[in-house]
Amino acid sequence: MKIAIDGPAGAGKSTVAQQVAKRLGILYVDTGAMYRAVTLTALVRGCSIEDEHSLREMLDAIDLMLEIKNGVQHVYVDDKDVSEAIRSREVTRHVSTVAAYPLVRERLVDMQRRIASHKDVVMDGRDIGTSVLPDAEVKIFLTASIEERARRRMEEFEKKGVHADYAELLRDIEERDRKDSKRAIAPLKQAEDAIRLDTTGRSIDEVVDRIVTLYREKIGERA
């Protein structure tokens with residue numbers, strides 16, 4: 001059984017997907033973290049973000065791994081835990097560019113499909129229901145107002161002790177939306193058979209309850 005959760009930056013995908021997976025006792029896969037890990041590695045190693053072929057060569061040469069510890073996904077590059085480092089502002093600014101490259105997507109999508117081929121999963125990203133797992137039994141498109149998404153991002157940074165400017169975050173999210181929705185390969189869009197959930201003003205528990213209910217209804221249909 002596969003649950004695909006798509007949506008724009010700051011809509012609450014990762015938080016909701018983690019909670020859904022925990023509630024159902026199935027695997028959570030944060031695909032965005034994989035693209036962030038590639039972006040971080042390129043920035044650290046001085047590999048040009050603008051050079052698709054160099055990025056693919058770098059990706060082929062590293063060991064990228066996801067591991068669940070105490071219910072939380074950790075991301076490793078060559079055995080180094082980069083779970084916190086991939087959430088930096090610099091990585092956030094460049095990840096949409098990296099994620100748009102076909103050669104990078106080809107490799108990572110293959111990894112994502114292999115993970116889902118033999119396990120029940122909750123997978124979140126931008127194109128899970130439309131491209132990565134088009135056969136997912138439950139498809140959700142999470143969204144929220146851009147103001148709400150910027151506010152959430154600011155709270156995330158403040159919790160880490162990092163100063164963030166609301167207006168700048170708002171501009172960053174607008175630009176991220178533009179890049180994600182306009183990219184040539186697997187752009188951000190709602191799958192035709194996905195259920196749209198607006199999380200603006202809604203608690204995490206409300207959204208999680210709705211998705212869990214949809215999952216159990218689907219299980220009942222298959223019984």
Stepwise side-chain contact (heavy atoms from CB on, under 4.5 Å) test for S54 and C47
CA-CA 7 Å; S54 292; C47 180; 3.8 Å; yes

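- Of the N and O atoms on the side chains of S203 and D205, not one donor lies less than 3.5 Å from an acceptor on the other residue.
- Minimum heavy-atom separation, L59 to R107: O-NH1, 3.3 Å.
- Taking the charged nitrogens against the carboxylate oxygens, E174 and R178 have no contact shorter than 4.0 Å, which rules out a salt bridge.
- Counting non-hydrogen atoms of other residues, nucleotides and ligands closer than 6.0 Å to NZ of K160 gives a total above 12.
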Apply side-chain contact (heavy atoms from CB on, under 4.5 Å) to residues D51 and L55 and explain how you reach the verdict.
CA-CA 6 Å; D51 189 334; L55 285 170; 5.7 Å; no

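- Contact annotation: the side chain of I211 never approaches that of V122 to less than 4.5 Å [non-hydrogen atoms, C-beta and beyond].
- The two residues V91 and T39 make their nearest non-hydrogen contact at O-CG2, 3.9 Å.
- Cluster membership check: V121 shares its hydrophobic cluster with Y35, using side-chain heavy-atom separations under 4.5 Å among Ile, Leu, Val, Met, Phe, Trp and Tyr.
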side-chain contact (heavy atoms from CB on, under 4.5 Å) between T31 and V132, worked out
CA-CA 10 Å; T31 63; V132 181; 5.7 Å; no

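- Checking side-chain atoms of Y101 against main-chain N and O of H53 turns up no donor-acceptor pair under 3.5 Å.
- A salt bridge is defined here as a Lys NZ or Arg NE, NH1 or NH2 lying under 4.0 Å from an Asp or Glu carboxylate O, and R202 with D198 fails to meet this definition.
- Nearest heavy-atom pair across V75 and A33 is CG2-CB, 3.7 Å.
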Test I5 against I128 for side-chain contact (heavy atoms from CB on, under 4.5 Å), laying out the working first.
CA-CA 7 Å; I5 300 179; I128 310 304; over 6 Å; no

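- The hydrophobic clustering, which links ILVMFWY residues whose side-chain heavy atoms are closer than 4.5 Å, places V38 and V29 together.
- Residue pairs meeting the salt bridge (charged side-chain N to carboxylate O under 4.0 Å, His left out) criterion with at least one partner in residues 82-106, sequence neighbours excluded, are D30-R87, R56-E106, R89-E168, R89-D172, R93-E168, R105-D127.
- A continuous path of hydrophobic side-chain contacts links I68 to V82 [ILVMFWY only; heavy atoms under 4.5 Å].
- At distances below 3.5 Å, at least one donor-acceptor pair connects side-chain atoms of E52 with backbone N or O atoms of L103.
- V162 is not connected to L43 by any chain of hydrophobic side-chain contacts under 4.5 Å among Ile, Leu, Val, Met, Phe, Trp and Tyr, and they are in different clusters.
- The environment of NZ in K189 is sparse: at most 12 heavy-atom neighbours from other residues, nucleotides or ligands sit within 6.0 Å.
- Between the side chains of Y28 and D124, at least one donor N or O lies within less than 3.5 Å of an accepting N or O.
- Here the shortest heavy-atom pairing between F141 and L188 reads CE1-CD1, 3.8 Å.
- In summary, R45 and D78 engage in a salt bridge, as defined by a charged side-chain N under 4.0 Å from a carboxylate O.
- Take D193 and apply the salt bridge (Lys or Arg N to Asp or Glu O under 4.0 Å) test, not counting sequence neighbours, and it matches K139.
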Just do the salt bridge (charged side-chain N to carboxylate O under 4.0 Å, His left out) check on E148 and R152 with the steps written out, would you?
CA-CA 6 Å; E148 175 81 359; R152 291 173 183 172; 3.3 Å; yes

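- The CE atom of M154 sits 12.0 Å away from the NZ atom of K159 when rounded to the nearest 0.5 Å.
- Under the 4.5 Å side-chain heavy-atom criterion for Ile, Leu, Val, Met, Phe, Trp and Tyr, M123 and Y215 are members of distinct hydrophobic clusters.
- More than 12 heavy atoms of other residues, nucleotides or ligands shown are found within 6.0 angstrom of CG on D60.
- Contacts of R113 classified as salt bridge (Lys or Arg N to Asp or Glu O under 4.0 Å), with partners at least two apart in sequence or in another chain: none.
- In this structure, CD1 on I115 lies 7.0 Å from CG on L27, to the nearest 0.5 angstrom.
- No side-chain heavy atom of K119 sits less than 4.5 Å from a side-chain heavy atom of I26.
- Defined by atom type and a distance below 3.5 Å, a donor-acceptor pair is missing between the side-chain atoms of R149 and T200.
- The side-chain heavy atoms of V109 and Q112, taken from C-beta on, include a pair separated by under 4.5 Å.
- Within the model, atoms CD1 of I86 and OG1 of T92 stand 9.5 Å from one another, a figure rounded to the nearest 0.5 Å.
- Rounded to the nearest 0.5 Å, atoms CZ (R126) and NZ (K179) are 12.5 Å apart.
- With hydrogens and angles disregarded, a donor-acceptor distance shorter than 3.5 Å links the side chain of D6 to the backbone of G129.
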Using the salt bridge (charged side-chain N to carboxylate O under 4.0 Å, His left out) rule, take E155 and R151 through it: C-alpha gap first, then chi angles, then the decisive distance, then the call.
CA-CA 6 Å; E155 286 183 354; R151 183 188 62 77; 2.6 Å; yes

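- Contact detail for L64 and M111: the closest heavy-atom pair is O-CE, 3.7 Å.
- Here the side chains of V207 and I140 are not in contact, with every heavy-atom distance at 4.5 Å or above.
- Looking at heavy atoms from C-beta onward, L169 lies in side-chain contact with F157 at the 4.5 angstrom threshold.
- Put simply, CD1 on I173 and CZ on R153 are 6.0 Å apart, with the number rounded to the nearest 0.5 Å.
- When every heavy atom of T199 is checked against every heavy atom of A144, the shortest pair comes out as OG1-CB, 3.4 Å.
- Taking CD1 of I204 as the reference point, atom CD of E206 lies at 11.0 Å (rounded to 0.5 Å).
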